[in-house]
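A short worksheet on the structure shown next.
No experiment lies behind these values; they were computed from the predicted model shown.
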Amino acid sequence: MRRLLTRLVNRVLLTEPFTPAMGIEAELHTEGRRRLVVGLGNPGMEGTRHSVGMAVLGSLAARLGVADRWRGDKHVSGEVIVSEVQQTHVVLLRPRLLMNINGVSVAKAAGKYGIRPEDILLVHDDLDKPLGKIAIKHGGSARGHNGVRSCVDCLQTDVMPRLRVGIGRPTEKRSVERHVLGRFSSEEKKVLDSVLVQSVDLLLSQLSQQDSQQEPQSPSSPAGGRQAAQEKTSASPAENSAAAES
């Protein structure tokens, strides 16, 4: 019932079906590839585990030297920065809606800037990966993540690549809800610092890839239509290794 209500809210807030404005209607009046990088999370809760995607996005903005250029945009229900990585025009987005309806902001921004779903990179927390692990996932199901599920619902496809940032599962008898909405401990913050660096490195690598290097995907693929998802995993410096996951 809760999922049905959330989907209804998504559709009500997204007053028009998602359609990227390609050409003169788009906000970016430029040629070349366009990418949207989204830090999923809850507004006002940027320091929590559930909003680690926002922390990664903040670190990316700092690395690009544009951290002071965030501006609110009521038309996309979020804060944005327009920047460039090599030959790619990049829009950074921090939704100002609750996690469960982040997809409304993502769809609005994609429509405004003329960005296709396969060129939207979602950054979000992952309970199933321990803190210190990150992975790129190329489309596929939301795996129970409400923010990703909202994006799939609003964009009507699941082709969006994602950077999954591990936060680990709660220990002892602590509930999952308290865990994800809680803040990182002082010990965890030491690991988080290196995770943010690795995450930005991986995002920049993804953003620097040319069109010919991208996995071919159809913008019209229906949600749930992909049969398999590929991942590229990066471990913490202490582990000094990288692995591939299925």
Side-chain angles (χ1 to χ4, degrees), residues 27-28 30 32-73 76 78-97 99 102 105-106 109-110 112-113 115 117-126 129 131-138 145 147-148 151 160-167 184 188-210 213-214 231-237 242:
E27 184 76 9
L28 289 177
T30 56
R33 185 163 197 179
R34 305 169 183 179
R35 300 295 300 271
L36 174 63
V37 185
V38 186
L40 298 182
N42 285 307
M45 301 183 68
E46 285 81 357
T48 63
R49 295 181 181 88
H50 210 23
S51 297
V52 72
M54 290 185 171
V56 172
L57 199 66
S59 294
L60 175 60
R63 180 84 68 88
L64 294 175
V66 295
D68 59 343
R69 285 169 47 184
W70 288 107
R71 61 180 178 84
D73 186 338
V76 304
E79 297 174 328
V80 299
I81 291 177
V82 178
S83 187
E84 188 169 321
V85 176
Q86 294 188 12
Q87 303 301 314
T88 301
H89 305 286
V90 179
V91 178
L92 309 184
L93 171 67
R94 294 192 302 207
R96 304 310 295 173
L97 299 172
M99 176 72 88
N102 270 192
S105 181
V106 176
K112 176 176 180 176
Y113 292 99
I115 298 173
E118 60 266 37
D119 290 327
I120 299 172
L121 217 170
L122 307 176
V123 187
H124 66 89
D125 60 300
D126 191 333
K129 291 190 178 300
L131 181 64
K133 291 275 191 173
I134 60 176
I136 288 290
K137 182 176 187 292
H138 294 287
H145 193 284
V148 176
C151 293
M160 299 78 69
R162 304 118 202 216
L163 173 58
R164 301 164 59 202
V165 183
I167 60 171
F184 292 100
E188 287 176 325
K189 287 180 180 178
K190 296 177 183 178
V191 180
L192 181 63
D193 288 342
S194 63
V195 168
L196 295 178
V197 172
Q198 291 179 79
S199 297
V200 171
D201 288 343
L202 192 49
L203 285 175
L204 289 174
S205 174
Q206 292 291 307
L207 295 172
S208 299
Q209 292 179 0
Q210 300 300 315
Q213 295 175 299
Q214 303 300 310
E231 291 183 359
K232 176 181 179 182
T233 305
S234 176
S236 63

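Between Ser199 and Val165, the closest side-chain pair of non-hydrogen atoms falls below 4.5 Å. For the pair Arg94/Trp70, a side-chain contact is recorded, criterion being any heavy-atom separation below 4.5 Å from C-beta on. Here the side chains of Lys133 and Gln198 are not in contact, with every heavy-atom distance at 4.5 Å or above. Residues Val52 and Leu192 form a side-chain contact, since some pair of their non-hydrogen atoms from C-beta on lies under 4.5 Å apart. Residues Val195 and Val56 form no side-chain contact, since every pair of their non-hydrogen atoms from C-beta on lies 4.5 Å or further apart.
At least one donor-acceptor pair under 3.5 Å links the side chain of Arg69 to the backbone N or O of Val82. Between the side chain of Ser208 and the main chain of Ser205, no donor-acceptor pair closer than 3.5 Å is present. A distance-only check finds no donor-acceptor pair linking the side chain of Asn102 to the backbone of Val148 [under 3.5 Å]. Counting only distance, with no hydrogens or angles, the side chain of Arg35 and the backbone of Val90 share no donor-acceptor pair below 3.5 Å. Using modelled atom types, no side-chain atom of Asp119 and backbone atom of Leu36 make a donor-acceptor pair closer than 3.5 Å. Using a distance-only test at 3.5 Å, with no hydrogens or angles considered, a donor-acceptor pair links the side chain of Ser105 to the main chain of Val76.
Pairing each heavy atom of Pro161 with each of Pro117, the nearest pair is CD-O, 4.4 Å. Nearest heavy atom pair, residue Gly39 against residue Pro95, reads O-CD, 3.4 Å.
Under the salt bridge (charged side-chain N to carboxylate O under 4.0 Å, His left out) criterion, Glu46 pairs with Arg96, not counting sequence neighbours. With sequence neighbours excluded, the residues satisfying salt bridge (charged side-chain N to carboxylate O under 4.0 Å, His left out) with Glu188 are Arg49.
Summarising the geometry, atom CE belonging to Met160 is positioned 10.0 Å from atom CD belonging to Glu118; distances are rounded to the nearest 0.5 Å. Atoms CG and CG, on Leu92 and Leu121 in that order, are 11.0 Å from each other to the nearest 0.5 Å. Atom OG1 in Thr48 sits 7.5 Å away from atom CE in Met99 (nearest 0.5 Å). Remark: Arg63 CZ to Leu60 CG distance equals 8.0 Å, nearest 0.5 Å. Here the CG atom belonging to Leu40 is positioned 8.5 Å from the CG atom belonging to Leu93, to the nearest 0.5 angstrom. In this structure, NE2 on His124 lies 10.5 Å from CD1 on Ile167, to the nearest 0.5 angstrom.
A salt bridge is absent between Asp126 and Arg162; no separation between the charged side-chain nitrogens and carboxylate oxygens falls under 4.0 Å.
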Set out, in order, the CA-CA distance, both residues' side-chain angles and the distance that settles side chain to side chain contact (heavy atoms under 4.5 Å, CB included) for Val37 and Gln206, then state yes or no. CA-CA 11 Å; Val37 185; Gln206 292 291 307; over 6 Å; no
